[in-house]
Student: 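Sending over a structure as structure tokens; questions will come in a sec.
Chain identifiers are assigned alphabetically (A, B, ...) following the order of the sequence lines, protein sequences preceding nucleic acid strands; residue numbering begins at 1 within each chain. On a predicted model such as this, the values are computed, not experimentally measured, just so you know. In what follows, every heavy atom counts, from backbone to side chain, and hydrogens, waters and symmetry copies are set aside.
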Amino acid sequence: MATPYNHKSIEKKWKKIWEEKPINVNDGKKEKYYCLDMFPYPSGNGLHVGHWRGYVISDVWSRYQIMQDKYVIHPMGWDAFGLPAENYAIKMGVHPAKSTQENVDNIRRQIKQIAAVYDWDMEVNTTDPAFYKWTQWIFVQMFKKGLAYEKEMPINWCPSCKTGLANEEVVNGKCERCGADVTKKNLKQWMLKITEYADRLLSDLDKLDWPQKVKKMQTDWIGKSYGAEVDFSIDGRDEKITVYTTRPDTLYGATFMVLAPEHELAKGLANDETRSAVEDYIYQTSLKSSVDRLQDKEKTGVFTGSYAINPLNGAKIPIWLSDYVLADYGTGAIMCVPAHDDRDFEFAKKFDIPIIQVIAKDGVEIPDMQEAYTDAVGTMINSGDWNGMESAVLKKEAPHMIEKAGLGKATVNYKLRDWVFSRQRYWGEPIPIVHCPDCGCVPVPEEELPLLLPDVESYEPTGTGESPLAAIDEWVNCTCPKCGKAAKRETNTMPQWAGSSWYFLRYVDNKNDNELVSKEKAHKYLPVDMYIGGVEHAVLHLLYARFYTKFLYDIGVVDFEEPFTKLFNQGMITGKNGIKMSKSKGNVVSPDELVEDYGCDSLRLYELFVGPPELDSEWDDRGIDGVYRFLSKLWKLCESHKDDNIEPTKELLRERHLLIHDITTRLESFSLNTVISGFMEHCNNLSALGKDGGIDKETLTTFAVLLAPFAPHIAEELYEMLGHDTSVFAAGWPKYDKALMEADEIEIGVQVNGKMRGTISIPKDCDKDSAIAKAKEMLGDKLSGNVVKEIYVPGRIVNIVAR
RNA sequence: GCCGGCGUGGCGGAAUUGGCAGACGCACCAGACUCAAAAUCUGGCGGUAGCAAUAUCGUAUGGGUUCAAGUCCCAUCGCCGGCACCA
């Protein structure tokens, strides 16, 4: 009696068995493999099919490693502090601790449906005091090393989220979280000196097996450039202004200088005549949001009334202020060479400033210049001693020449800025610092950590730049740990990235009260071998986590400098027409019903089958029927196998080894969508081959074993049905034999002048003459004219060139 | 503006990296089973011409290299992503 494929009973059965007898065991001898998902923040909406994809990919990969006899570390946790969680709680009118807990429970339930081999004993939650004790501890260590410092400066401010933001959180002048226009606000902030690690963060990218795209994004974000700082004296004054330039070769062409309006000397350079205009310009600039400042296409500026002296030739050049110069990059002041820089050219044209060419393009000065010549290609002119030199050579040598002459120094600059680390919000780790009137900033003693986030009724953001914690007197008022005098606590909290910058270290030792992670376990189980998640964290989380890891390496906590050896970015699953799934668009597909109707195995396969895992894919519910039919077909094929004594035919044996080969090579290269199509194709082939004599047990068993990482429940069931009494995951990964994959007779294409004209069947090791002869025989009178050339590529093609 | 990536049937997508374009699946069409439908099974499914064998065109567009190009080179168009006054 044939029974149809019943996903419900099969999946229920094997979930229970795995719970009783886990398939992933640490016997202390096996090689470890750490496969990590980017942990989710517990949103109130639960998971949709897009979230599933990443978890299915990582689970397939983990199960494959288990079948390679490795002990796989595959943990899951919750990034539960931060803005999204807090905003959700405000909306629902509950305390974030409560809503976060509920959301975690719901998502954990959904993730368990995936039937992933997560080790739930390793679970972490960034809002757990036993966890954030160490988030705070790391901050204290950074403070002690001078890497965490306080600074008052204009920072990015999101008026909607009512908090300061890091540079990385501002996307096109808008808040990364809510999309509101970011403004500037002058606030005293905690900063982390990530710039101290800029060079290592850049150079160590070479060591990583990461997508080129992500490496490039980090490289660009760090933005290293080589150049020179050049000192210009101010005419009639003692002060000097230092500018940064990457084109010191064009120094003779500087015809003016521009300072950022925020530059400390800006105001002082004005004279009685220019003072009101200068002060007005500085004031107007301060009102502009970063969006306005970005979008202003027309250059604006004001002449200060002062002049700088070009150190090379003593030329007097006017000093201007303009908001196209950034205060926080380089020195906040630039020398302007309009002939060889687009922005300077535009500015010079608008304000009628002279343009002096110093590089002769193709050996001549450009007559009637309409745009700047920005290439460093050509011979120097109008440049005193430098005349006749090659610009490209001079560009490299000039910084050292300038340094030697005492006019400045060769220097390197980065676009990367220090990390604004304070948030004026409630739902985050309190920064463990006490402000003492006598001792200044004093860290909370390590034995007093964690510094608990006080439980309060009202936690909504104030919008004033003060944290909600500032209103809780009994928490704020404390005594200085150093001198015992009355003092006040720091009231800002940490950004969401604080916990996610190191959580992957904690999984392997999540109950350790004495250390962030024991040296032994860190050495044994880390770093992460495979990290899987969306590309949206390319410069945020991934840069911060690398920074934290390098710091922890420097203070001896871990013995590796890079946290994630290999990175895989899965593409997004979108709704119809590539529209991002969202509740407001009403195009969210929940996995819950699909699991109910088709089963976890089918949904797992379909998540992979929709498209290449690294690309975005549009979700279409109808397609899941295809994978369900495939599983049903396979089920029937195995169920109809009754005779274990069937010997495989040569064709079946070949099919078996081709199957192993195809699945293994495609899985190894992460081409998971073609793994699934490969299963379907070979299932169809087997079905055809087995029509007469049936299929041998070994071939069907091999199919079940290969399918195990992808559709684990049905694989176990089929494996058992075929008469095996151990788990399919203990079967070991099948090996293919190349010799058995080859057929004796192969079919190859025959072309005449490169056009397909038919096929011939020849022995696999057929020599050229016989192949050509056979091809000509097949072609008959289709071949006309004189044969000029005969091409035979064994196993591929015959091409006859005739005129 | 600069830097990446991509462009293949009605749709999602394959193509051993230069060697039979459209695997696999969805949708669709026809047939079988059925009183009927669903499910299932069998077959078909890029365009044009033809009853057909077959011919011919065809991987965004135009050129090139090659015995052979979806794949390599040059130019153009379109879409997506990143950065965006970083001197």
Student: What's the base orientation of rG9(B): syn (chi within 90° of 0) or anti?
Tutor: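 Glycosidic conformation of rG9(B): syn.
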
Student: Is there a side-chain contact between Ser225(A) and the phosphate of rA87(B), meaning an N or O under 4.0 Å from OP1 or OP2?
Tutor: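 Result: yes.
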
Student: When the distance from CD of Glu346(A) to P of rG1(B) is rounded to whole Å, what number comes out?
Tutor: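 Value for this atom pair: 14 Å.
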
Student: Under 4.0 Å between any heavy atoms, over every strand shown, what does Asp342(A) touch: base, sugar-phosphate, or nothing? Just pick one.
Tutor: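 No contact at all - Asp342(A) keeps every heavy atom at 4.0 Å or more from the nucleic acid.
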
Student: Please report the distance, rounded to the nearest Å, between CE in Met572(A) and P in rC80(B).
Tutor: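 To the nearest whole Å, that distance equals 13 Å.
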
Student: Hey, is Asp341(A) close enough to Arg247(A) for a salt bridge, meaning N to O under 4.0 Å?
Tutor: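 So Asp341(A) does not pair with Arg247(A) through a salt bridge.
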
Student: Taking any heavy-atom pair under 4.0 Å as a contact, classify Asp620(A): base, sugar-phosphate, or nothing.
Tutor: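 The answer is nothing, as Asp620(A) stays clear of every strand by at least 4.0 Å.
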
Student: With rounding to whole Å, what would you report as the distance between rG5(B) and rG44(B) at their P atoms?
Tutor: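 rG5(B) and rG44(B) have their P atoms separated by 41 Å.
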
Student: Hey, is the side chain of Tyr329(A) poking within less than 4.0 Å of OP1 or OP2 on rA87(B), counting only N and O atoms?
Tutor: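 It does, given that an N or O in the side chain of Tyr329(A) lies less than 4.0 Å from OP1 or OP2 of rA87(B).
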
Student: Determine whether more than 12 heavy atoms belonging to other residues, nucleotides or ligands lie under 6.0 Å from atom NZ of Lys409(A).
Tutor: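 No, the 6.0 Å shell around NZ holds no more than 12 heavy atoms from other groups.
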
Student: Would you indicate what Arg417(A) reaches in the nucleic acid, counting non-hydrogen atoms under 4.0 angstrom: base, sugar-phosphate, or nothing?
Tutor: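 Base, at least one base heavy atom under 4.0 Å.
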
Student: Tell me if the NZ atom of Lys350(A) is crowded by more than 12 foreign heavy atoms within 6.0 Å.
Tutor: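 Counting neighbours around NZ of Lys350(A), more than 12 heavy atoms of other residues, nucleotides or ligands fall under 6.0 Å, so yes.
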
Student: Quick one: Leu615(A) CG to rG5(B) C1', roughly how many Å, whole number?
Tutor: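 Atom CG in Leu615(A) sits about 10 Å away from atom C1' in rG5(B).
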
Student: Would you call rU34(B) syn or anti, using the 90° rule around 0?
Tutor: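 Here the answer is anti: the torsion falls beyond 90° from 0.
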
Student: How would you label the contact of Gln751(A) with the nucleic acid (heavy atoms, under 4.0 Å): base, sugar-phosphate, or nothing?
Tutor: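 The residue Gln751(A) makes base contact.
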
Student: Check whether Asn569(A) reaches the backbone of Gly533(A) with its side chain - one donor and one acceptor, N or O, closer than 3.5 Å.
Tutor: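 Yes, because the side chain of Asn569(A) sits within donor-acceptor range (under 3.5 Å) of the backbone of Gly533(A).
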
Student: Here's a test of your reading of the structure: between Lys213(A) and Val627(A), which maps to the more 5' nucleotide of RNA chain B?
Tutor: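 The answer here is Val627(A).
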
Student: Side-chain N or O of Lys415(A) versus OP1/OP2 of rG82(B): is the shortest distance under 4.0 Å?
Tutor: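 Looking at the OP1 and OP2 atoms of rG82(B), neither is under 4.0 Å from any side-chain N or O of Lys415(A).
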
Student: With respect to the side chain of Glu681(A), which nucleotide from rC20(B), rG13(B), rC24(B) is positioned closest?
Tutor: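 So the side chain of Glu681(A) is nearest to rC24(B).
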
Student: Side chain of Thr245(A): nearest nucleotide among rA84(B), rG19(B), rA87(B)?
Tutor: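 From the listed options, rA87(B) comes nearest.
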
Student: C1' atom, rG58(B) versus rC51(B): distance in rounded Å?
Tutor: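 It comes out at 25 Å once rounded to the nearest Å.
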
Student: I want to check one thing: is the phosphate of rC26(B), taken as OP1 and OP2, less than 4.0 Å away from some side-chain N or O of Arg629(A)?
Tutor: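 Indeed, a polar side-chain atom of Arg629(A) lies that close.
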
Student: Under 4.0 Å between any heavy atoms, over every strand shown, what does Glu747(A) touch: base, sugar-phosphate, or nothing? Just pick one.
Tutor: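 Answer is base: heavy atoms of Glu747(A) come under 4.0 Å of a base.
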
Student: What is the distance from NZ of Lys755(A) to C1' of rG58(B), rounded to the nearest Å?
Tutor: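 Distance, rounded to whole Å: 12 Å.
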
Student: Only one of Leu603(A), Thr674(A), Asn673(A), Ile57(A) passes side chain to side chain contact (heavy atoms under 4.5 Å, CB included) with Leu608(A); say which it is.
Tutor: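 When Leu603(A), Thr674(A), Asn673(A), Ile57(A) are each tested with Leu608(A), the side chain to side chain contact (heavy atoms under 4.5 Å, CB included) holds only for Ile57(A).
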
Student: rC74(B) and rC24(B): how far apart are their P atoms, nearest whole angstrom?
Tutor: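 Those two atoms are separated by 36 Å.
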
Student: Is there a donor and acceptor pair closer than 3.5 Å between the side chain of Lys299(A) and the base of rC85(B)?
Tutor: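 Check passes, donor-acceptor contact within cut-off.
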
Student: Are the charged groups of Asp199(A) and Lys224(A) less than 4.0 angstrom apart, N to O?
Tutor: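 Salt bridge flag = yes for Lys224(A) with Asp199(A).
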
Student: Please report the distance, rounded to the nearest Å, between CZ in Phe609(A) and C1' in rG25(B).
Tutor: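 Interatomic distance, CZ of Phe609(A) to C1' of rG25(B): 4 Å.
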
Student: Using a heavy-atom cut-off of 4.0 Å across all strands, would you classify Val793(A) as base, sugar-phosphate, or nothing?
Tutor: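 Counting heavy atoms under 4.0 Å across all strands, the contact made by Val793(A) includes a base.
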
Student: Expressed as a whole number of angstroms, how long is the span from Asn673(A):CG to rG12(B):C1'?
Tutor: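 After rounding, the reported distance stands at 10 Å.
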
Student: Sticking with atom C1', work out how far rA15(B) lies from rA23(B), rounded to a whole angstrom.
Tutor: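 The answer is 8 Å between these two C1' atoms.
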
Student: If we take the P atom in both rU76(B) and rG1(B), what is their distance in whole Å?
Tutor: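 It works out to 13 Å between them.
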
Student: When the nearest nucleotide of RNA chain B is assigned to Ile748(A) and to Asp616(A) on a heavy-atom basis, which residue is associated with the more 5' position?
Tutor: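 The answer here is Asp616(A).
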
Student: For atom C1', what is the distance between rC11(B) and rU66(B), given to the nearest Å?
Tutor: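 One C1' to the other, the span is 35 Å.
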
Student: Is it true that Lys8(A) and Glu596(A) make a salt bridge, defined as a side-chain N closer than 4.0 Å to a carboxylate O?
Tutor: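 Salt bridge between Lys8(A) and Glu596(A), a charged N being under 4.0 Å from a carboxylate O: yes.
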
Student: Report the nucleotide, chosen from rC41(B), rA21(B), rA87(B), that has the shortest atom-to-atom distance to any side-chain atom of Met756(A).
Tutor: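 So the side chain of Met756(A) is nearest to rA21(B).
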
Student: Asn684(A) has a side chain; which of rC24(B), rC26(B), rA87(B) sits nearest to it?
Tutor: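 In terms of side-chain proximity for Asn684(A), the closest of rC24(B), rC26(B), rA87(B) is rC24(B).
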
Student: P atom, rC45(B) versus rC79(B): distance in rounded Å?
Tutor: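 It works out to 35 Å between them.
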
Student: For rU56(B), take OP1 and OP2 only and decide whether either is under 4.0 Å from a side-chain N or O of Arg757(A).
Tutor: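 For Arg757(A), the contact criterion (side-chain N or O under 4.0 Å from OP1 or OP2 of rU56(B)) is met.
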
Student: Please work out if Asp328(A) contacts a base, only the sugar-phosphate, or nothing of the nucleic acid, heavy-atom cut-off 4.0 Å.
Tutor: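 No contact.
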
Student: Between P on rC24(B) and CZ on Arg666(A), what's the gap in Å once rounded to a whole number?
Tutor: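 Going from Arg666(A) (CZ) to rC24(B) (P), I get 11 Å.
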
Student: May I have the distance from Glu614(A) (atom CD) to rC6(B) (atom P), rounded to whole angstrom?
Tutor: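 The distance from CD of Glu614(A) to P of rC6(B) comes to 11 Å, rounded to the nearest Å.
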
Student: Nearest to the Lys633(A) side chain among rA15(B), rC67(B), rC41(B), which nucleotide is it?
Tutor: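 The closest nucleotide is rC41(B).
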
Student: I want to verify a distance call: between rG19(B), rU40(B), rC24(B), whose nearest atom is closest to the Met680(A) side chain?
Tutor: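 Of the candidates, rC24(B) comes closest.
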
Student: Show the numbers, then the answer: is there a side chain to side chain donor-acceptor pair (under 3.5 Å) between Tyr628(A) and Asp601(A)?
Tutor: CA-CA 9 Å; Tyr628(A) 188 81; Asp601(A) 282 340; over 6 Å; no

Student: Rounding to an integer number of angstrom, what distance separates rG47(B) and rG22(B) when you compare their C1' atoms?
Tutor: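 Result for the C1' pair: 14 Å, nearest Å.
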
Student: Give one of base, sugar-phosphate or nothing for Thr246(A), where a contact means two heavy atoms less than 4.0 Å apart.
Tutor: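 Thr246(A): backbone/sugar contact only, no base atoms under 4.0 Å.
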
